[in-house]
Number of protein chains: 2
Amino acid sequence: MTGEQTEKPARKPRIRDAEATKARILDAAKKEFAKNGLGGARVDDIAEKAKANKRMIYHYFESKEGLFQTVLEDAYLDIRSAEQKLHLEDLDPTAALEKLVRFTWEYYLKNPEFLTLVNSENLHRAKHLKKSEIIKVSSRKLVNLVSSILERGVKAGVFRDGVDPVQLNITIAAVGYYYLTNRFTGTIIYERDLMAKDALEQRIQFNIETIMRLVTV
Amino acid sequence: MTGEQTEKPARKPRIRDAEATKARILDAAKKEFAKNGLGGARVDDIAEKAKANKRMIYHYFESKEGLFQTVLEDAYLDIRSAEQKLHLEDLDPTAALEKLVRFTWEYYLKNPEFLTLVNSENLHRAKHLKKSEIIKVSSRKLVNLVSSILERGVKAGVFRDGVDPVQLNITIAAVGYYYLTNRFTGTIIYERDLMAKDALEQRIQFNIETIMRLVTV
DNA sequence: TAAAGAAGTAACTAGTTAGTGCGTTAAATG
DNA sequence: CATTTAACGCACTAACTAGTTACTTCTTTA
């Protein structure tokens, strides 16, 4: 509908570029939603940061919630696709699991907006995610990935039998997510700078230890 | 200042009762902040739910943020005091640790507002908690509690040496917190009702297993 | 019982905020 | 080159929202 012949032109920098404007809005919205939550985010601020007119937001995304939904979907698709790119099936079970734990931690660390977006979505009882079929499909792949790592480990005699892949998946996420999403209150409660370089290094080692001990025979 | 002679009268139900009004406001505010976050909460709604006039909120708590800070402080003090009441020092190390894991899980389960309040506070980079000295003091007690359980376990030969009590504390919270705060997105991602009775039972068992394997020799 | 002080209320303000109506301008098309 | 289509922007509105002003009513105490 938008441009059949004009697939990826990138020939000359167009002054009017729908895709580029859309991308700028999404980028600005991601930051704004992550910083202030869905309720706290301001549409005017998103438009300004995106160097777009507010009218464009409503033209491309219908509403503030429509924009949030797209931002959230994109965020989930990004982490799910990055997980697939790890090619864990090529590694032995122990190395594969350790790599997944490390990847999850580093992804959260490099993309703190992801954590806040997920928190915001849960505050709204996942009403936006519910509508998205593609998220379910890509999540299923992640569970299957962990399932097969576990199976291979059991066969190789390095992992114990009976570990639920969903519970393991949740726990891998949990030990990183909690630490990082609560880094501000955590720094006060535990009277220790949780984001100091050595603190982060100590935590990822602890997380690997936690997960490995959980699955090992 | 408010009433020296009238310490806990409870003689006749007063039509005008400052303490009762204050309590109703705090209760309504806790629910409203938990449901909608600090930004999404509406002062008018809090007043209405509390069956108090909005002016009273500003009289007792100065501002919306002042009210939020009091709600948050109260929430932290409640869980910290409940932890102390477990008297874990009277149990053997293994039983004490298991009881703490179970308590933490059940507290989150029964008080989901706590999770949302903490999330909201982290969205605001812990600016309200920073001001509270009493929170630091009571948190220190929790870390000391876990420290002494670990120490006793090492001496008894049931726990391994070198486990950082802060990391352990964080992990005990993490495995419950993540599961419950993300119960809405989780139910979609993992295509499983995470709040079903047997799912909850399975999770607490998994959490105990995770923590026990982490500290055992 | 009169005076003082505290508890409580209605109505308002000044500033925001999501969302729109309508016109303008650039690019594609025949 | 004329016409259509899509990108873009200004200026507005209707509803909302934190916080306040000015007042009434109840309770305590000298």
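Letters A, B, ... are given to chains in the order of the sequence lines, protein chains preceding strands, and every chain is numbered from 1. What's counted below: heavy atoms across the whole structure, side chains too, no hydrogens, waters or symmetry copies.
Here the two rings, on F61(B) and F68(B), have centers that are 6.0 Å apart or farther.
Within the 4.0 angstrom heavy-atom criterion, only backbone atoms of the sugar-phosphate kind lie near A41(B); the bases stay farther away.
In the region residues 56-66 of chain A, proximity to DNA chain D at under 4.0 angstrom, judged on heavy atoms, holds for M56(A), H59(A), Y60(A).
The CG-P distance, from D45(B) to dA18(D), rounds to 9 Å in whole Å. In this entry the distance linking NZ of K22(B) with C1' of dA7(C) reads 13 Å, nearest Å. The CG atom of N53(A) sits 14 Å away from the C1' atom of dA18(C) (whole-angstrom rounding).
Take L91(B) and apply the side chain to side chain contact (heavy atoms under 4.5 Å, CB included) test, not counting sequence neighbours, and it matches L88(B), A95(B), A96(B), K99(B).
Put simply, the residue from V175(B), T104(B), T171(B) that forms a side chain to side chain contact (heavy atoms under 4.5 Å, CB included) with N207(B) is V175(B).
When the nucleotides dC10(D), dG19(C), dG8(C) are ranked by their closest atom to the side chain of K54(A), dG19(C) comes out on top. The side chain of R55(A) has dC22(C) as its nearest neighbour among dA22(D), dC22(C), dG19(D). For D44(B), the listed nucleotide lying nearest its side chain is dA18(D); candidates were dT17(C), dG9(D), dA18(D).
A salt bridge links D27(A) with K31(A): the distance from a Lys NZ or Arg NE/NH1/NH2 to an Asp or Glu carboxylate oxygen falls below 4.0 Å. No salt bridge links R42(A) with E32(A); every basic N to acidic carboxylate O contact stays at or beyond 4.0 Å.
When the side-chain nitrogen and oxygen atoms of R42(B) are compared with OP1 and OP2 of dA18(D), one or more of them lie within a distance under 4.0 Å.
Checking E121(B) against T185(A) by side-chain atom types alone, no donor-acceptor pair falls below 3.5 Å.
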